[in-house]
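The figures that follow rest on heavy atoms only: side chains count, while hydrogens, waters and symmetry mates do not. Quick note: residue numbers are just sequence positions, from 1.
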Amino acid sequence: MSHTELVVWSAVLIGLVFGATGQATGFCLMRGLANRWTLGDSRKLRSYALAMAVALLGSQALAMAGLVSLEDSLYANPAPSWLAIPLGGALFGYGMALANGCGARALVLLGSGNLRSFVVLTCLGLAAYMALSGVLAPLRIWLEGMTTLALPTHDLPGAIGAPAWLMALVLGGALLAWVFSNAAFRASPGDWLGGLIIGLLVPAGWYATGVLGHDDFEPVRLASLTFIAPIGESLQYLMLSTGTRLGFGVSVVGGVIMGALAMALLRRDFTLRAFDGPGQMLRSMAGGTLMGIGGVMALGCSIGQGLSGLSTLALTAFAALAGIVAGARLGIVGPLALSKN
């Protein structure tokens with residue numbers, strides 16, 4: 001088996017585990033924020049924070065062992081846009097609130113029979129490619145060029161002057177301490193198991209592309225879990241697969257849908273669901289579109305930046321995640337919140 005085939009099959013396996021775990025546990029940043037702000041229940045949010053901690057510690061352990069160089073990832077950007085990153089995050093977060101879930105959650109719901117998610121994913125993928133290389137690309141490139149900020153370093157350890165392993169231990173330890181300080185979370189095995197498994201999939205992604213995909217003549221681009229561009233690439237692959245090669249991101253997307261479908265059938269939870277009315281459909285379309293555009297501007301989504309990006313300790317990950325949370329706040333309980341009825 002070639003190194004590219006190893007990467008593809010590893011990606012499918014990672015996607016299967018992500019989809020099955022997400023379907024069984026309801027892992028989702030949007031749900032975590034909504035439950036915390038409207039119900040006072042922080043268990044889902046703590047599950048996401050646990051995934052952050054595990055992804056961070058696992059990824060930095062791979063880097064310290066010399067197995068992967070996180071400096072080669074998309075997130076190691078010493079000259080980001082000080083406006084596009086947080087603004088894109090805010091657009092993504094607000095879109096996530098409109099669509100009632102992020103792109104990764106939409107894939108899981110689609111595998112569970114939710115037809116509304118098909119509309120969300122279609123709009124997300126189309127909008128992502130409009131912003132990447134389509135009609136919106138010139139505007140995005142202009143905005144990024146006008147607001148580029150040259151930084152002396154691209155990550156938190158460089159900014160503070162501390163070694164990466166120490167920052168990982170401090171930040172990861174702080175997250176774990178907060179996560180397990182809640183008795184309700186400790187008594188909810190589905191939530192902490194979901195966060196643990198999803199978190200482990202991030203270093204698994206780095207290992208698949210950075211170790212299994214290593215080749216001196218034809219290296220695979222270092223990547224881990226992210227869903228904005230891969231959803232757009234998946235739509236493109238469905239239409240233009242002849243003569244093209246299946247990649248890591250598209251394989252993960254397919255694996256997530258199949259894993260969620262298998263788990264939904266196993267749990268007898270597969271149910272076809274459609275829109276209740278035109279208003280709900282419009283919110284889903286708008287949410288998917290905003291997530292696609294915002295995710296491209298922010299260089300990732302709640303998984304891509306919130307877990308994979310943060311695991312590299314990149315400064316852009318913190319800015320993007322702050323924007324995502326702020327946008328979600330506006331859409332859930334803020335002045336721009338819209339009724340879900």
Side-chain angles (χ1 to χ4, degrees), residues 15-39 41 43-45 47-48 92-128 188 190-191 194 197-198 225 227-228 230-232 234-235 238 250 252-292 294-295 301-303 327-328 331-333 337-341:
L16 286 170
V17 175
F18 187 103
T21 303
Q23 205 284 332
T25 66
F27 181 89
C28 178
L29 175 60
M30 164 63 194
R31 187 173 176 184
L33 293 173
N35 286 357
R36 175 64 182 84
W37 289 333
T38 61
L39 302 175
D41 183 355
R43 286 176 296 174
K44 295 298 181 188
L45 186 58
S47 179
Y48 182 85
F92 179 91
Y94 188 69
M96 184 174 69
L98 288 178
N100 204 28
C102 66
R105 184 60 184 167
L107 290 171
V108 172
L109 292 176
L110 179 61
S112 304
N114 191 318
L115 301 179
R116 300 190 295 264
S117 297
F118 180 79
V119 174
V120 172
L121 291 168
T122 301
C123 292
L124 188 157
L126 289 173
S188 180
D191 287 321
I197 294 174
I198 297 295
L225 290 179
F227 289 98
I228 297 301
I231 289 173
S234 298
L235 295 179
L238 290 174
V250 175
V252 169
V253 167
V256 171
I257 297 175
M258 291 187 291
L261 173 61
M263 183 59 72
L265 293 175
L266 183 64
R267 301 176 67 215
R268 298 182 180 180
D269 194 29
F270 182 88
T271 306
L272 293 177
R273 298 177 177 87
F275 291 106
D276 296 329
Q280 188 182 47
M281 183 174 182
L282 286 173
R283 284 194 296 273
S284 295
M285 292 172 65
T289 300
L290 288 176
M291 283 194 288
C301 56
S302 54
I303 302 296
I332 297 172
V333 295
L338 297 176
S339 171
K340 301 296 187 294
N341 299 322

Considering all heavy atoms, the nearest A328-L33 contact
CB-CD1, 3.8 Å
Distance col, row L126:CG vs I231:CD1, nearest 0.5 angstrom, shows 11.5 Å
For A20 against M263, the heavy-atom pair lying closest together
O-CG, 3.5 Å
Partners meeting side chain to side chain contact (heavy atoms under 4.5 Å, CB included) with T21 (sequence neighbours left out):
V17, T25, I197, I198
Taking distance alone, no hydrogens or angles, what donor-acceptor pairs closer than 3.5 Å link side-chain atoms of residues 110-122 to residues at least two apart or in another chain?
unit_1, atom_1, unit_2, atom_2, d
S112, OG, V108, O, 3.0
N114, OD1, R116, N, 2.9
N114, OD1, S117, N, 3.4
R116, NH1, A274, O, 2.9
T122, OG1, F118, O, 2.8

Restricting to side chain to side chain contact (heavy atoms under 4.5 Å, CB included), what partner residues turn up for A286, sequence neighbours left out?
L98
In terms of heavy-atom contacts, F275 and Q280 come closest through CA-OE1, 3.3 Å
Residues that A34 engages under side chain to side chain contact (heavy atoms under 4.5 Å, CB included), provided they are two or more places apart
M30, I332
Hey, does V253 have a side-chain heavy atom less than 4.5 Å from the side chain of S234?
yes
Output for pair (C123 SG, M285 CE), nearest 0.5 Å, gives 4.5 Å
Could you pull out the closest heavy-atom pair between M291 and G101, with the gap in Å?
CE-O, 3.5 Å
Could you check if a side-chain atom of L124 sits within less than 4.5 angstrom of a side-chain atom of T289, using non-hydrogen atoms only?
no
Can you tell me how far the CZ atom of R43 sits from the CG atom of N35, to the nearest 0.5 Å?
8.0 Å
Under the salt bridge (Lys or Arg N to Asp or Glu O under 4.0 Å) test, which residues partner R31, sequence neighbours left out?
none
List for me each residue that meets side chain to side chain contact (heavy atoms under 4.5 Å, CB included) alongside L261, sequence neighbours excluded, and say none if there are none.
L265, F270
Check C102 against M96 and note the closest heavy-atom contact, atom names and distance.
N-CG, 3.6 Å
Give a yes or no on whether the backbone of S302 and the side-chain of Y48 come within a donor-acceptor separation of less than 3.5 Å.
yes
Salt bridge check: are D191 and K44 linked by an N-O gap of less than 4.0 Å?
yes
Residue list, ring-ring contact (aromatic ring centres under 6.0 Å, His included) with F227, at least two apart or on another chain:
F18
According to the side chain to side chain donor-acceptor pair (under 3.5 Å) rule, which pairs have a member within residues 268-279, sequence neighbours left out?
Q23-D269
